[in-house]
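Have a look at the structure below, then the notes.
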Amino acid sequence: MNVLALLRQRFAAALSELVEDPAPLVDLVRPSQGAQFGDYQANCAMPLGKQLGKPPREVAQSIVDRLEVDDLCETPEIAGPGFINLRLKQDWLAQQVAAALADPRRLAVERAEQPRNFVIDFSAPNVAKPMHVGHIRSTVIGASLVNVLSFLGHQVTSDNHIGDWGTQFGMIIYGYKNFRDAEAYRSQPVAELGRLYRLVSRLVDYQEGRKHSLPELTAQVETQTAALAEPATEPADEKQAKKAAKARKQAENRLRETQQKRAALADKLGAVEADGEAGPLAAAHPNIDALVLEETAKLHAGDAENRRLWEEFLPVCLEELEKTYRRIGVTFDHALGESFYHDRLAGVVDDLKQRGLARTSDGAVCVFLDGFDVPMIIQKRDGAFLYATTDLATLQYRVETFAADAVLYVVDHRQSDHFKMLFATARLWGLDQLEMEHLSFGTVMGEDGKPYKTRSGDTVGLTLLLDEAVERAHRIVCENDDAKPGGAELSADERRQVAEAVGIGALKYADLSHNRTSDYVFSYDKMLAMNGNTATYMQYAHARVRSIFARGDVSEAELAAASAELMLEHPAERALALELLRFSEALDATAAEYRPNLLTNYLFQLADCYSAFYQQCPVLKAETDALRLSRLRLCYLTANTLRLGLALLGIQVVEKM
RNA sequence: GCGCUCGUAGCUUAAUGGAUAGAGCACUGGUCUUCGGAACCAGGGAUUGCAGGUUCGAGUCCUGCCGGGCGCACCA
């Protein structure tokens, strides 16, 4: 039961007698800001009063006169400039909670009236590279949206659009042909391919730095120095002088930055040259950057040898990814990577050309779009296709194969321009009925405010990250268990399992509880903080509830089957009951805006309500048996709601911790 | 230079144009013969970057400025 949706229906009926289109006004019915304003409030009288030219309080009264909510609400109150405050009836509230209790699988959450077909594109790592910290957000947010939308009755297809066809394979192929350690490849193929990738990547970076970046930076330093050396024109007034001084300061800062960048790059190049292994290889392969591109091009052109190698490497790489997904409990319906669409790209370009949407410019096939400075290039001068081409082919495939109504991309915000152009092109192309959303998020930053890297400048592997989180969780679990007054109660095995749930849960929750397009600051300490708005707090709340049942020797079946009316006399009981009922609202809001943080907010608030209840209302020691049962049932629904809510976020709960 | 995005308490942050900007961390004080103290309660701490504007009402929408992050044809 979604109480908010029900109230909105009632308001729609009342408002339709007063106004042509009640929809925008109905949206102004919402949960109250504070308990003093009741449980729900309607803010529609003010704008309607404006519209009708009548005093808002008068309008509020005429809405209330037409409103039929006697069955679920106390008499509505009109407050302030014209707010309508609603308070749910105690017995109605009790009935709704009982209905949720009677439905342990769905907790009385209704399915969407109009199920849609979603395709969610998330995670999307490059198979040749290990997943790193930047992949967490996409993976975790995407997976939770899949869960929530599916739970609400939508048809959801999850698709991991992996990068299995790009330059990184050219690197591995080149590395394999030139640098492989045959013995290592035989015994540890993944590790050896990883080593080859890193080695070649380093050598390519070296050559590109030597040939392009370093000269470019050197030139920049020169022009910036020259610009600073130019004599300043005499400022006309004080304001201009200030402006000029500021501009000069900025220019100085820019120069310093460029110099620093140049020095850092020079150091890096020097380090490669001085390296015992990489140094000689760099000297022996001066054109490795071009040669790698050649290997990639040969793969794309169907070269037998490269194709064979690709087919040999790919399963190995995929298995490595699969290990990580298994550990964090993420699965996909499909993993149709870039290579899957390879055969369709030429057709896409032809079709766009034929429809007059694309034309050749400067040798490249481009789609020029209104409102964009640059075109979207779908075929390079040398004939190669780009990711824009692949993305268009992918969209077409998803509409044709999955009958998608909506395609969601969980990708970091740096690609927002790309998606804007992609969607605009797709709409011109005829996909104008399709909802396309770029669910963007910020870059993962370290606590120093720079992209999260190790001290040596490498990106941090996801495996290491998980290990560290679980390790820290394990230490805390052990400490806590050892400190229990009745002695430790977890076996070594159980401690491991709990640490896994707590560590990985903390990592996921930290990502899910933020909804920022700005950058995300990664911090072990913050995500693993075992109090506050964290997964651990929720898991702990759950474990505490469960322990009541164990201690009180309570039968769950009895709780589920009980039929007596719930007693909600105590304010904390009532507040908890109301919060439990809002689960459905939280899920709908999460689905409507594709924002898992609305669900984490809800769960945190629920845990908070439970804490207050737990503190103020004795359960096992309640005054009467009836009250004891009623409170136990509230506990039971709380535990179930926490468990289900966390499960939808991809987070496990435990019985004891 | 053009574009996107963000700026809320010391820190991390919440808030579909609605009432007194809500939390957590940290800080201060309190609760306890523990239905699990990884807890709870209370308190201090915010001109929501600045200046205008729209509105009955602005953290939210518009304009300008300041500051951070990111992106700007043939990488993904």
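In what follows, every heavy atom counts, from backbone to side chain, and hydrogens, waters and symmetry copies are set aside. In what follows, chains carry the letters A, B, and so on, assigned in the order in which the sequence lines appear, proteins first and then strands, with residues in each chain numbered from 1.
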- Task: For ring-ring contact (aromatic ring centres under 6.0 Å, His included), just list the numbers for A:His514 and A:Phe441, CA-CA rounded to whole Å, side-chain angles, deciding distance to a tenth of an Å, and then say yes or no.
- Result: CA-CA 9 Å; A:His514 295 90; A:Phe441 54 82; over 10 Å; no

- Query: Yes or no on side chain to side chain contact (heavy atoms under 4.5 Å, CB included) for A:Phe340 and A:His161, after CA distance, side-chain angles and deciding distance?
  - Reply: CA-CA 9 Å; A:Phe340 179 80; A:His161 193 66; over 6 Å; no

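Sparse packing is recorded around CG of A:Asp625, with 12 or fewer heavy atoms of other residues, nucleotides or ligands lying under 6.0 Å away.
An anti orientation is assigned to B:A23, its glycosidic angle lying beyond 90° of 0.
When rounded to the nearest whole Å, the span between CG of A:Asp373 and P of B:C2 equals 11 Å. Taking atom CG of A:Asn480 as the reference point, atom P of B:A38 lies 5 Å away to the nearest angstrom. The OH-P distance, from A:Tyr610 to B:C35, rounds to 12 Å in whole Å. B:U13 atom P lies 12 Å from atom CG of A:Asp511, rounded to whole Å. In this structure, the CZ atom of A:Arg381 is 10 Å from the C1' atom of B:A73, given to the nearest Å. Here B:A14 presents its C1' atom at 17 Å from OH of A:Tyr602, a figure rounded to the nearest Å. Here B:A39 presents its P atom at 12 Å from CD1 of A:Ile476, a figure rounded to the nearest Å. If you measure from atom NE2 of A:His413 to atom C1' of B:C6, you get 9 Å, rounded to the nearest angstrom.
The side chain of A:His514 sits closest to B:U12 out of B:U12, B:C35, B:C40. Which of B:C75, B:C4, B:U13 sits closest to the side chain of A:Leu386 comes down to B:C75. Of the candidate nucleotides B:A38, B:C40, B:G18, B:G18 has the atom nearest to the side chain of A:Met46. The side chain of A:Arg414 sits closest to B:C70 out of B:C70, B:A14, B:C35. For A:Ser416, the side-chain atoms get nearest to B:C4 when compared with the rest of B:A39, B:C4, B:A73. Side-chain proximity of A:Phe368 to B:A73, B:G71, B:A38: nearest is B:A73. Across B:G36, B:C72, B:A76, the shortest atom-to-atom separation from the side chain of A:Gln415 is found for B:A76.
Cation-pi geometry between A:Arg582 and A:Tyr602 is not met at under 6.0 angstrom from the ring centre and within 45 degrees of the axis.
Judged by distance alone, with hydrogens and angles left aside, the side-chain atoms of A:Gln539 form a donor-acceptor pair with the main-chain N or O of A:Gln652 at under 3.5 Å. A:His570 places no side-chain N or O within donor-acceptor distance of the main-chain N or O of A:Cys617, the cut-off being under 3.5 Å. Here the side chain of A:His418 pairs no donor or acceptor atom with the backbone of A:Gln415 at under 3.5 angstrom.
Where A:Asp362 and A:Lys656 each meet RNA chain B at their nearest nucleotide, the meeting point lying more 5' is that of A:Lys656. The residue among A:Ser513 and A:Asn126 whose nearest nucleotide of RNA chain B lies closer to the 5′ end is A:Ser513.
Remark: the separation of the C1' atoms in B:G22 and B:U48 is 13 Å, to the nearest Å. Comparing B:C2 with B:U60, their P atoms sit 25 Å apart, to the nearest whole Å. With both ends at atom P, the span from B:C62 to B:G7 equals 13 Å, rounded to whole Å. Distance check on atom P: B:U47 versus B:U8 gives 12 Å, rounded to whole Å. Annotation: B:G43 and B:C25 have their P atoms spaced 15 Å apart (nearest Å). Comparing the same atom, C1', in B:G59 and in B:G18 gives a spacing of 13 Å after rounding to whole Å. If you take atom C1' in B:G71 and the same atom in B:G53, they sit 30 Å apart, rounded to whole Å. Taking atom P on both B:U28 and B:G69, the two are 34 Å apart, rounded to the nearest angstrom.
The residue A:Lys484 sits close to a base: some heavy atom pair falls under 4.0 Å. Contacts of A:Ser611 with the nucleic acid, taken as non-hydrogen atoms under 4.0 Å apart, involve only primed sugar atoms and P, OP1 or OP2. Residue contacts shown for A:Met376 are absent, as no nucleic acid heavy atom lies under 4.0 Å away. No contact: A:Glu77 has no heavy atom under 4.0 Å from any strand. Across all strands shown, A:Pro47 has heavy atoms under 4.0 Å from base atoms, whether or not it also approaches the sugar-phosphate. Residue contacts for A:Cys635: at a heavy-atom cut-off of 4.0 Å it reaches no nucleic acid atom on any strand shown. Using a 4.0 Å heavy-atom criterion, one finds that A:Ala622 contacts no nucleic acid atom at all. Contact annotation for A:Asn597: backbone-only contact, meaning every heavy-atom pair under 4.0 Å involves sugar-phosphate atoms and none involves a base. Among the protein residues, A:Arg8 comes within range of the nucleic acid bases, having at least one heavy atom under 4.0 Å from a base atom.
The base of B:A38 does not come close enough to the side chain of A:Tyr540 for any donor and acceptor atom to sit less than 3.5 Å apart.
A centroid separation of 6.0 Å or more is found between the aromatic rings of A:Phe37 and A:Phe83.
Ring geometry for A:Phe169 against A:Trp310 counts as perpendicular: the plane angle is over 60°, on a 0 to 90° scale with 30° as the lower cut.
Proximity of A:Asp164 to A:Asn126: side-chain heavy atoms (C-beta onward) are nowhere separated by under 4.5 Å. Side-chain contact check for A:Asp289 versus A:Asp205: every heavy-atom pair is 4.5 Å or farther apart. Within the 4.5 Å cutoff, the side chain of A:Cys635 has heavy atoms near those of the A:Phe613 side chain. Between A:Phe372 and A:Asp417 there is no side-chain heavy-atom pair separated by less than 4.5 Å.
Between A:Tyr614 and B:C35, a base-stacking contact is recorded: ring centres under 5.5 Å apart, planes less than 30° from parallel.
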- Item | Per-nucleotide protein contact string for nucleotides 19-32 of chain B, where B marks a base within reach and S marks sugar-phosphate only (heavy atoms under 4.0 Å, - for neither) | B---SSS-------

- Message: In dot-bracket form, 5' to 3', how is RNA chain B paired? Count Watson-Crick and G-U wobble pairs only if both distances fall under 3.5 Å, and write | where the partner sits on another strand.
- Response: (((((((..((((....[...)))).(((((.......))))).....(((((..]....))))))))))))....

